[in-house]
Novice: 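This structure is in structure tokens; I'll ask about it shortly.
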Amino acid sequence: MSTMPTPAQAADKAKKILAAIEADPEFAAFEAATLEYSSDWQCFTGFPVIERWNLDEDKAPLFTEGLRALALKAAVFDLTGDEHLAEVAVAVPVDEMTHAMIAQPQLFARIADRTGFALIHQTDQEHTDYTDGDFTHLAYRLAWGEPPARYWLPKNEVDRRVQILTARYASIGMDRAGREHDIDFAAA
């Protein structure tokens with residue numbers, strides 16, 4: 001079993017991975033495709049936990065944060081060879097952006113191949129229990145400074161906001177936090 005690298009080791013490697021991704025000749029196309037995906041962003045409890053969420057204003061900063069999260073995961077994998085350890089904690093809104101990135105599989109696979117990083121993301125293995133002071137937070141700070149609190153929400157705050165969203169959704173007939181409704185479209 002591998003052991004977790006230090007946050008400093010992960011930060012150093014993540015900065016190199018991110019620089020290589022951003023220098024790739026297809027990076028601009030990847031970014032454009034990811035941000036164009038916005039019309040398909042339908043999660044009710046991912047991005048909407050951001051206060052006063054606005055797709056047009058928030059998508060570019062979230063793209064940056066998603067890249068940083070994936071670079072940290074790739075760094076841990078590169079240092080350990082263990083994809084389970086590499087599934088470091090990520091804040092819910094940032095994780096949602098990584099899904100938009102992964103929805104560009106051909107572009108992202110070519111970039112990963114050319115730059116030599118491993119794309120680490122498996123839904124049943126992911127950890128969206130990010131919190132201030134955890135491994136991800138420490139490594140992020142060493143790599144890029146303090147993570148933007150608007151997007152890097154601790155799990156307890158995400159849970160609180162999801163409760164608020166769930167109640168609001170229920171008030172308009174959207175149950176299970178937007179995962180179910182009883183709207184009869186033929187009758188409307």
Novice: How close do Ala69 and Val94 get, counting heavy atoms only, and between which atoms?
Specialist: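 Result for this residue pair: CB-CG1, 3.7 Å.
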Novice: Could you name each residue pair satisfying salt bridge (charged side-chain N to carboxylate O under 4.0 Å, His left out) that touches residues 104-120, not counting sequence neighbours?
Specialist: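 Found Asp24-Arg114, Glu26-Arg110, Glu26-Arg114.
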Novice: So, for Ala14 and Ala75, which heavy atoms are closest and what is the spacing to 0.1 Å?
Specialist: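 Between these two residues, the closest heavy atoms are N-CB, 3.5 Å.
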Novice: Given the rule that I, L, V, M, F, W and Y join up when any side-chain heavy atoms are under 4.5 Å apart, are Leu18 and Leu62 in one cluster?
Specialist: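 Result: yes, single cluster for both.
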Novice: Under 6.0 Å between ring centres, would you say that holds for Phe108 and Phe117?
Specialist: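 Phe108 vs Phe117: aromatic centres under 6.0 Å.
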Novice: Do Glu96 side-chain atoms and Val92 backbone N/O form a donor-acceptor pair below 3.5 Å?
Specialist: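 No: the side chain of Glu96 does not pair with the backbone of Val92.
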Novice: How many angstroms lie between atom CG of Leu142 and atom NE2 of His137, to the nearest 0.5 angstrom?
Specialist: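 If we round to the nearest 0.5 Å, Leu142:CG and His137:NE2 are 10.0 Å apart.
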Novice: So Glu51 and Arg161, do their side chains get closer than 4.5 Å, heavy atoms only?
Specialist: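 Result yes, sub-4.5 Å side-chain heavy-atom pair found.
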Novice: Do Leu67 and Phe27 have side chains that get closer than 4.5 Å, going by heavy atoms?
Specialist: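 Heavy-atom side-chain distance check passes, below 4.5 Å.
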Novice: Any side-chain heavy atom of Val88 sitting closer than 4.5 Å to one from Met4?
Specialist: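 Of all side-chain heavy-atom pairs linking Met4 with Val88, at least one is under 4.5 Å.
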Novice: Which residues satisfy the salt bridge (Lys or Arg N to Asp or Glu O under 4.0 Å) test with Glu22, sequence neighbours excluded?
Specialist: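 Expected list: none.
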Novice: CG/Asp82 to CD1/Ile120 distance, rounded to the nearest 0.5 angstrom?
Specialist: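 The CG atom of Asp82 sits 9.0 Å away from the CD1 atom of Ile120.
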Novice: So how far is it from Arg168 CZ to Leu165 CG, rounded to the nearest 0.5 Å?
Specialist: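 Going from CZ on Arg168 over to CG on Leu165, the span is 8.0 Å.
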Novice: Sorted by first residue and then second, give each salt bridge (charged side-chain N to carboxylate O under 4.0 Å, His left out) pair with at least one member in residues 5-18; sequence neighbours left out.
Specialist: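 Only Asp12-Lys16, Lys13-Asp78 qualify under salt bridge (charged side-chain N to carboxylate O under 4.0 Å, His left out).
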Novice: Can you see which heavy atom on Pro5 is nearest to which on Val76, and at what distance?
Specialist: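 Looking at all heavy atoms of both residues, the shortest contact is CD-CG1, 4.2 Å.
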Novice: One pair to check against side chain to side chain contact (heavy atoms under 4.5 Å, CB included): Thr3 and Thr80. What are the steps and the verdict?
Specialist: CA-CA 7 Å; Thr3 59; Thr80 66; over 6 Å; no
Novice: According to salt bridge (charged side-chain N to carboxylate O under 4.0 Å, His left out), does anything in residues 132-143 pair up with another residue at least two apart or in another chain? List the pairs.
Specialist: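 Residue pairs passing salt bridge (charged side-chain N to carboxylate O under 4.0 Å, His left out), neighbours aside: Arg141-Glu146.
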Novice: Can you find a heavy atom in the side chain of Asp95 that is under 4.5 Å from one in the side chain of His127?
Specialist: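 SC-SC contact between Asp95 and His127 ruled out.
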Novice: I need the Lys59 NZ to Phe47 CZ distance, nearest 0.5 Å.
Specialist: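 Separation between the atoms: 11.0 Å.
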Novice: Any donor-acceptor pair under 3.5 Å linking the side chain of Glu87 with the backbone of His84?
Specialist: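 Not at all, since once roles are kept as given, no pair shorter than 3.5 Å links the two residues.
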Novice: Glu126: which residues meet the salt bridge (Lys or Arg N to Asp or Glu O under 4.0 Å) condition with it, sequence neighbours left out?
Specialist: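 Listed in chain order: nothing, the list is empty.
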Novice: Within the 4.5 Å heavy-atom criterion, are Ile17 and Thr115 side-chain neighbours or not?
Specialist: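 SC-SC contact between Ile17 and Thr115 ruled out.
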Novice: For Tyr140, which residues count as a side-chain hydrogen bond (donor to acceptor under 3.5 Å, both in side chains) partner, sequence neighbours excluded?
Specialist: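 Per chain and number, Tyr140 pairs via side-chain hydrogen bond (donor to acceptor under 3.5 Å, both in side chains) with Glu65, Arg68.
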Novice: Minimum heavy-atom separation for Ala74 and Ala118, please, with both atom names.
Specialist: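 Looking at all heavy atoms of both residues, the shortest contact is CB-O, 3.3 Å.
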Novice: Within this structure, what is the OG1-NE2 distance for the pair Thr98 and His121, rounded to the nearest 0.5 Å?
Specialist: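 Output value for this atom pair is 4.5 Å.
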Novice: State plainly whether one hydrophobic cluster holds both Trp144 and Leu70, where clusters connect Ile, Leu, Val, Met, Phe, Trp and Tyr through side-chain heavy atoms under 4.5 angstrom apart.
Specialist: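 Linked, Trp144 and Leu70 end up in one cluster.
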Novice: Find out whether Leu85 and Phe77 are in side-chain contact, i.e. whether some heavy atom of one side chain is under 4.5 Å from a heavy atom of the other.
Specialist: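 Of all side-chain heavy-atom pairs linking Phe77 with Leu85, none is under 4.5 Å.
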Novice: For Leu72 and Ala10, work out which heavy atoms get closest and say how close.
Specialist: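 What the structure gives for the nearest pair is CD2-O, 4.3 Å.
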Novice: Shared ILVMFWY cluster between Leu153 and Leu138, side chains joined below 4.5 angstrom?
Specialist: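 Cluster IDs for Leu153 and Leu138 differ.
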Novice: Any heavy-atom pair between the side chains of Lys155 and Thr128 that's under 4.5 Å?
Specialist: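 Side-chain contact under 4.5 Å: no.
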Novice: Please answer: with hydrophobic residues joined when any side-chain heavy atoms are less than 4.5 Å apart, are Val90 and Leu79 in the same cluster?
Specialist: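 No; tracing contacts between hydrophobic side chains, which count when under 4.5 Å, never links both residues.
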Novice: For Gln104 and Ala33, which heavy atoms make the closest approach, and how far apart are they?
Specialist: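 Shortest heavy-atom contact: OE1-CB, 3.5 Å.
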Novice: Any chance you could measure Asp159, atom CG, to Ile164, atom CD1, to the nearest 0.5 Å?
Specialist: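 Taking CG in Asp159 and CD1 in Ile164, the distance rounds to 11.5 Å.
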Novice: Is the shortest side-chain heavy-atom distance between Pro147 and Tyr130 below 4.5 Å?
Specialist: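 A side-chain contact exists here, since the closest heavy-atom pair is under 4.5 Å.
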